[in-house]
Amino acid sequence: MKNQNQNSIAMAIKSFNTPINIINLLSSFFLFACGIACGIIFTFYFKNSSVNLQVINGQILNYSSLNSHPLSPPPPPSPRSIIPRLGLNEYIKPINVEHDMSDEELFWRSSMVPKVKEFPFKRVPKVAFMFLTRGPILLSPLWELFFKGNEGFYSIYIHSDPSYNQSHVDESSIFHGRRIPSKEVEWGKINMVEAEKRLLANALLDISNQRFVLLSEACIPLFNFSTIYTHLMNSTKNFVETYDQPGPVGRGRYHPRMSPTIKLPQWRKGSQWFEMDRDLALEVVSDQTYFSVFKKHCKGSCYADEHFLPTFVSMKFEKRNSGRTLTWVDWSKGGPHPTRYYRSDISVEFLKKLRSESSCEYNGEKTSVCHLFARKFTPHALSRLLIFAPKVMQFNH
C-alpha cells in the first residue's frame, strides 16, 4: 500500500513537471488575471457613468438614467453641436461692469475686433449712454422717464469719483449697478481723457453697443428715445466737434514738443461731449501714439479734454466726422464755464427753442435737428423739467 501511494505521488509530480501542464497552468493564470482586470475596469466605468451629468440650456441631464430605460429619449446632441453655442454665448455676453480689470487689461480686452463683419447670431444694436460725473446723476428722474419702455435698446455706464458712495441709489433704478471701476478726475487734466477712454472701453465690451454718447450729470435729452435712437443709428457720420482757433485759448495751448507727431496746423479744439460709432470708439481706445504725446506734453493750461479727441479725429478720421457736437450749450456769457439753467429758466418755449433753433447737415441734407442733448441744467430745474419735458419731447411715444 505504501509503495502504491509513493507511485501515485511520483506520477503526479512527473505529470506536473511536463511542459504541457506548465503551459496550461500559465494560461489559466493569465485568463484569471484578465478577468479580474476587466471586472475592475467595468466597475469603475459604471460607477462614474452613474453620476455623469451634463448641463444643456440650463437643464441637468443624467446620461446614465436616460440610457437605463428602453423607452428613454434619444441621446443628447453631440459635443460638436453643443460646444460652439456655449462658447459663443460666453463670448458675446456683456462683462459685469463691476469687474476688477486694470486699465491696461481693459483696453486690451475691449480692442479685440472680429475680422468677419457679419454676425452669426441675431442682435439688437444698442446705444451706450456714458455718464461722466462727480457723483450721482442729478437729473435721474428725467432720464428714467426717457429710458422707460425701451429696455434692450440701450446700455448705461457711469464713471464717477471713487469717493462717491452709491449706496443710496435705489435698486430698482436703471442706474443701479452701472458704475464702472473709476478713478479720480480733475477738470481740464489728462485724467479726464483717461476717464472718457475708460467709459468707451467698458461700453465696447458689449458687442451690441454700436453708438456711444458721452454725457454729464447736467445733461438732458431734447427728444424722446425713439427719435434719438433712430437719429444715431441712421447717421453716416460721427459727432466730434473740431475747429481751428487762433489765439491763446486755441493754438496757444499747443506745445512745440508735440511735433513731429502732432504739428501746429493739425491742432484742433472742440467740445468734449461727443457721439461716435463703434469703429471710431475702437480707434480711440486702442490708440497709444497720440495719447502718449498728449499725456507727456499737454499739461497745465493745455486742457486735454478740449483738444485730444478733436485733434486725433481731425488728423485720422476727418472724412467720417461731422465736425459738430450733438450737445447744446450756451457760451455766450463768456468765462471758463457755460451758462447754468435753473427752475425759472425752464419753459415750453425755451425747450422748443433748444430743439429746433439751429440749421445743420445730416446725412447730406439740411435739418433743424442739430442737437439731441443739452446742458448745463441744475437740480433746481428738475421739477419744471418733469412737468414740461415729457410733453415737449413726447416721452413714451
Side-chain angles (χ1 to χ4, degrees), residues 57-58 81-82 84-99 106 109-131 137 140 142-159 171-180 198-215 219-239 274-285 320 322 326-327 362-363 369 372-373 390 393-397:
N57 296 331
S81 63
I82 295 176
R85 186 176 298 119
L86 291 175
L88 183 61
N89 287 339
E90 289 299 317
Y91 177 77
I92 65 177
K93 181 175 64 177
I95 296 176
N96 190 333
V97 296
E98 297 176 332
H99 56 76
L106 173 65
R109 173 66 179 83
S110 63
S111 63
M112 294 182 178
V113 184
K115 287 290 186 180
V116 178
K117 296 299 182 181
E118 295 183 2
F119 290 90
F121 55 90
K122 292 183 179 180
R123 68 185 181 92
V124 176
K126 296 191 293 186
V127 177
F129 291 83
M130 308 178 301
F131 291 86
I137 308 295
S140 60
L142 181 66
W143 283 103
E144 296 268 4
L145 289 176
F146 169 77
F147 286 116
K148 186 177 180 181
N150 297 287
E151 293 75 12
F153 293 91
Y154 66 86
S155 302
I156 294 174
Y157 303 87
I158 303 170
H159 187 295
E171 291 187 5
S172 63
S173 171
I174 58 174
F175 297 104
H176 182 265
R178 300 310 302 171
R179 182 168 76 168
I180 67 171
R198 204 171 290 123
L199 280 164
L200 281 171
N202 277 276
L204 282 168
L205 295 178
D206 186 341
I207 201 168
S208 293
N209 288 331
Q210 295 299 304
R211 306 293 299 202
F212 303 78
V213 184
L214 183 68
L215 302 162
C219 286
I220 67 168
L222 294 178
F223 295 87
N224 61 27
F225 183 90
S226 61
T227 300
I228 291 178
Y229 179 89
T230 302
H231 192 94
L232 296 180
M233 288 298 173
N234 291 339
S235 176
T236 59
K237 298 283 188 177
N238 295 293
F239 298 91
F274 62 79
E275 190 284 330
M276 62 180 63
D277 61 19
R278 189 175 184 88
D279 290 339
L280 182 54
L282 285 164
E283 296 290 349
V284 173
V285 167
R320 292 164 45 190
S322 66
L326 292 177
T327 302
Y362 173 77
N363 289 352
V369 180
L372 303 181
F373 311 95
M393 302 167 192
Q394 298 180 332
F395 286 175
N396 299 324
H397 283 75

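This is a predicted model, so every value here is computed, not measured.
Of all heavy-atom pairs spanning Glu144 and Ser173, the tightest one is OE2-OG, 2.8 Å. Pro221 approaches Leu142 most closely through the heavy-atom pair CD-CD2, 4.1 Å. Leu280 approaches Arg320 most closely through the heavy-atom pair N-NH2, 3.3 Å. The two residues Leu199 and Ile180 make their nearest non-hydrogen contact at CD2-CD1, 3.8 Å. Gly177 and Val97 make their closest contact through O-CG2, 3.1 Å (heavy atoms, listed as atom of the first residue, atom of the second, distance).
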**OP:** Apply ring pair (Phe, Tyr, Trp, His ring centres under 6.0 Å) to the pair Tyr362 and His231, showing each step before the final yes or no.
**Re:** CA-CA 9 Å; Tyr362 173 77; His231 192 94; 4.0 Å; yes
Original post:
Can you check side chain to side chain contact (heavy atoms under 4.5 Å, CB included) on Phe153 and Val127, steps first, answer last?
Top reply: CA-CA 7 Å; Phe153 293 91; Val127 177; over 6 Å; no
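Using modelled atom types and a 3.5 Å distance limit, the side chains of Lys126 and Ser155 yield a donor-acceptor pair. Side-chain atoms of Arg198 and His159 include a donor-acceptor pair closer than 3.5 Å.
Under the 3.5 Å distance criterion, the side-chain polar atoms of Asn209 are matched with a main-chain donor or acceptor of Ala203. With hydrogens and angles disregarded, a donor-acceptor distance shorter than 3.5 Å links the side chain of Ser110 to the backbone of Leu106. Proximity of a side-chain donor or acceptor of Asn238 to a complementary backbone N or O of Ser322 within less than 3.5 Å is not detected. In terms of modelled atom types and a separation under 3.5 Å, the side chain of Asn96 and the main chain of His99 share no donor-acceptor contact. A donor-acceptor pair under 3.5 Å is absent between the side-chain atoms of Arg179 and the main chain of Ile158, judged by distance alone.
Note that Arg278 lies outside the cation-pi zone of Phe212, set by a 6.0 Å cut-off to the ring centre and a 45° limit from the axis.
Salt-bridge formation is detected for the pair Arg211/Glu275: a Lys NZ or Arg NE/NH1/NH2 atom is positioned less than 4.0 Å from an Asp or Glu carboxylate oxygen. The residues Lys237 and Asp277 are annotated as not salt-bridged, no charged nitrogen and carboxylate oxygen being separated by less than 4.0 angstrom.
In this structure the side chain of Phe146 never reaches within 4.5 angstrom of the side chain of Asn224, judged on heavy atoms.
Trp143 pairs with exactly one of Phe131, Phe175, Tyr154 by the ring pair (Phe, Tyr, Trp, His ring centres under 6.0 Å) rule, that one being Phe131.
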